Amino acid sequence: AQSVTQPDIHITVSEGASLELRCNYSYGATPYLFWYVQSPGQGLQLLLKYFSGDTLVQGIKGFEAEFKRSQSSFNLRKPSVHWSDAAEYFCAVGAKSGGGADGLTFGKGTHLIIQP
Amino acid sequence: NAGVMQNPRHLVRRRGQEARLRCSPMKGHSHVYWYRQLPEEGLKFMVYLQKENIIDESGMPKERFSAEFPKEGPSILRIQQVVRGDSAAYFCASSAHSNQPQHFGDGTRLSIL
């Protein structure tokens, strides 16, 4: 069974500083990987996805993530954060045989706080 | 913009009552997924449905919970005889195919008195 670990429960970053959110997964083959963002009281919005090909993927809102097979990681990065980036971020993995065949497995999330 | 629509947004039930949560997928999407989110937790997969079929219900509690996605109309997640522990946010997602990204609704917040 797949699993996802987001080691950081909370991260505080100053506005304008760079950001990296960590995500490690456990899966027997190459998975589908996703990052979602959730604002309070809202649903999840897809930031980016990795299915295959280039291991550095670009997403919306200036985010990017890099798939590193050797480290079983899919860390999310942004060069300069904005106050509006404050939210909960979830990493998720889906089965390669079909992204929804087993449903997505989510990490517990990282709460991002932006300091002025 | 026809995104994934869930209703109601908030639902309050007393212990022992039934809760019905509805989800209309995005236009053109025939795959529906239900997830539950408890406080301080990520989302937990419950069930995956296509029209008139349950594909994977490995995350559904064995009792009191059921889901359907009829040929016409929204998908329904039904919780019978609710208990306090059922209080959570329930999210629905849809995709065009099983290997396409899932798009989420804004959820239904279920509170049990």
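This structure is a prediction, so every number in the text was calculated from the model and none was measured. A, B, ... follow the sequence lines: proteins, then strands. Residue 1 opens every chain.
The environment of CZ in B:Arg15 is sparse: at most 12 heavy-atom neighbours from other residues, nucleotides or ligands sit within 6.0 Å.
For the pair B:Asp106 (side chain) and A:Gln42 (backbone), a donor-acceptor distance under 3.5 Å is absent.
Annotation for A:Lys49 and B:Pro101: closest pair CD-CG, 3.2 Å, computed over non-hydrogen atoms.
Here B:Ile112 sits in one hydrophobic cluster together with B:Leu11, B:Leu21, B:Val32, B:Trp34, B:Met46, B:Val47, B:Leu49, B:Ile54, B:Met60, B:Phe65, B:Phe69, B:Leu77, B:Ile79, B:Val82, B:Tyr90, B:Leu110; the rule is ILVMFWY side chains under 4.5 Å apart, joined directly or through other members. Here B:Leu113 sits in one hydrophobic cluster together with B:Val12; the rule is ILVMFWY side chains under 4.5 Å apart, joined directly or through other members.
Each of A:Val4 and A:Ile9 belongs to its own hydrophobic cluster when Ile, Leu, Val, Met, Phe, Trp and Tyr are linked at side-chain heavy-atom distances under 4.5 angstrom. Under a hydrophobic-cluster definition in which Ile, Leu, Val, Met, Phe, Trp and Tyr are linked whenever side-chain heavy atoms come within less than 4.5 Å, directly or via other members, B:Ile76 and B:Tyr33 are assigned to different clusters.
Within the 4.5 Å cutoff, side-chain heavy atoms of B:Phe91 are placed close to those of A:Gln38.
Interatomic distance, A:Phe90 CZ to B:Phe104 CZ, rounded to the nearest 0.5 Å: 10.0 Å. Between atom CG of residue A:Leu44 and atom CD of residue B:Gln37 there is a gap of 7.0 Å, rounded to the nearest 0.5 Å.
In this structure, the salt bridge (Lys or Arg N to Asp or Glu O under 4.0 Å) partners of A:Arg77, at least two apart in sequence or on a different chain, are A:Glu64, A:Glu66.
For residues 108-116 of chain A, heavy-atom neighbours of chain B at less than 4.5 Å comprise A:Lys108, sorted by residue number.
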Derivation of the side chain to side chain contact (heavy atoms under 4.5 Å, CB included) call for B:Tyr35 and A:Leu104: CA-CA 9 Å; B:Tyr35 295 84; A:Leu104 296 180; 3.4 Å; yes
